[in-house]
Amino acid sequence: MRFLDSWTQLPPTDVLAWFLPVGLMILLVFLPGRVVARVGTLGVAAALAMTSTLVDPPLLRLGWIVLWALLAWAVYSERVPRQTPSRGRRTGLLETSMVGLLLGISVLVLLVVAVARQNLPADPGRRATYGILVLCLGLLHLMLRRHTVRLAIGIAMLGLGLQIIERVAAGGLLEEPVGPGYSILLATTLGCSLAVRAGRTRVRVAASPWVADAHDLHD
């Protein structure tokens with residue numbers, strides 16, 4: 001199958017370079033904590049700096065590196081004691097997490113199958129699949145991680161995934177050439193800024209950044 005061959009033909013060093021950024025994003029999705037958030041976002045910035053093939057041109061890639069580096073500073077919020085949710089609330093959180101996980105995996109599988117059926121050339125097919133994976137990780141982060149300040153990380157993943165897919169389209173799948181696509185980077189930066197600001201405001205007003213604590217206070 002041409003789609004699978006596009007990945008198996010990569011040398012091991014290239015596979016590692018492609019896996020490093022997305023591997024760090026997976027850790028950000030599934031592991032909680034301030035230290036994980038800071039180390040993971042710094043790691044993604046460093047991985048993007050070392051992997052020059054994901055986003056072109058270099059100036060656009062530099063913009064994404066700077067954004068992820070700034071996120072490492074922005075999402076490292078102060079330690080705030082978390083309220084202990086009731087048993088019913090814990091059950092609800094578990095149910096919504098499972099639904100979010102299944103939804104994210106389903107969307108990922110459907111989109112990857114759609115790309116595989118297009119029989120794209122090796123490099124565009126790899127990039128499109130990679131962009132879809134990053135985008136779905138951003139969706140999972142928004143659904144699974146309930147820290148309002150660190151929602152900016154999920155928004156950054158969504159934006160980066162969309163940027164990679166846009167670069168695939170601009171690299172030869174569109175009839176007319178388009179610009180570098182800085183608008184996606186600018187929109188993602190704005191979204192991350194708003195998320196951090198809203199989260200910090202919530203910490204200042206409600207003394208907790210956790211979404212679950214907001215539900216408990218409402219109840």
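Just so you know, these numbers come straight off a predicted model, no measurement behind them. Numbers here are sequence positions counted from 1.
- A distance of 13.5 Å separates CZ in Arg126 from CD1 in Ile164, rounded to the nearest 0.5 Å.
- The two atoms that bring Ala45 and Ala69 nearest to each other are CB-N, 3.8 Å, heavy atoms only.
- Going from atom CD1 of Ile132 over to atom CG of Leu137 covers 12.0 Å, rounded to the nearest 0.5 Å.
- Cluster membership for Met143 and Phe30, using ILVMFWY side-chain heavy atoms within less than 4.5 angstrom, is shared.
- Cluster membership check: Val35 does not share its hydrophobic cluster with Leu27, using side-chain heavy-atom separations under 4.5 Å among Ile, Leu, Val, Met, Phe, Trp and Tyr.
- With values rounded to the nearest 0.5 angstrom, His141 atom NE2 is found 7.5 Å from Leu151 atom CG.
- Minimum heavy-atom separation, Arg200 to Val149: N-CG2, 3.8 Å.
- For the pair Thr188 and Leu160, the minimum side-chain heavy-atom distance is 4.5 Å or more.
- Both Val15 and Ile26 belong to a single network of hydrophobic side chains, linked directly or stepwise wherever heavy atoms of I, L, V, M, F, W or Y lie under 4.5 Å apart.
- Closest heavy-atom contact between Arg61 and Thr51: CD-O, 3.8 Å.
- Leu162 approaches Leu135 most closely through the heavy-atom pair N-CD1, 4.2 Å.
- Under the 4.5 Å side-chain heavy-atom criterion for grouping Ile, Leu, Val, Met, Phe, Trp and Tyr, Leu24 is not connected to Leu42 through any hydrophobic cluster.
- Between Asp56 and Arg167 the shortest heavy-atom distance is O-CD, 2.8 Å.
- Rounded to the nearest 0.5 Å, atoms CG (Leu140) and CG (Leu28) are 12.5 Å apart.
- Here the side chains of Trp68 and Met157 are in contact, with some heavy-atom distance below 4.5 Å.
- From Ser193, atom OG reaches atom CG of Leu67 across 8.0 Å, with rounding to the nearest 0.5 Å.
- Across Leu54, Val44, Thr189, Ile184, a single residue satisfies side-chain contact (heavy atoms from CB on, under 4.5 Å) together with Trp64, and that is Ile184.
- A distance-only check finds a donor-acceptor pair linking the side chain of Arg38 to the backbone of Ala72 [under 3.5 Å].
- Hydrophobic clustering (side-chain heavy atoms under 4.5 Å, transitive across Ile, Leu, Val, Met, Phe, Trp, Tyr) groups Leu70 together with Met25.
- When all heavy atoms of Arg150 and Arg34 are compared, the closest pair comes out as NH2-CG, 2.7 Å.
- The CG atom of Leu144 lies 9.0 Å from the CG atom of Leu139; values are rounded to the nearest 0.5 Å.
- In terms of modelled atom types and a separation under 3.5 Å, the side chain of Tyr130 and the main chain of Trp18 share a donor-acceptor contact.
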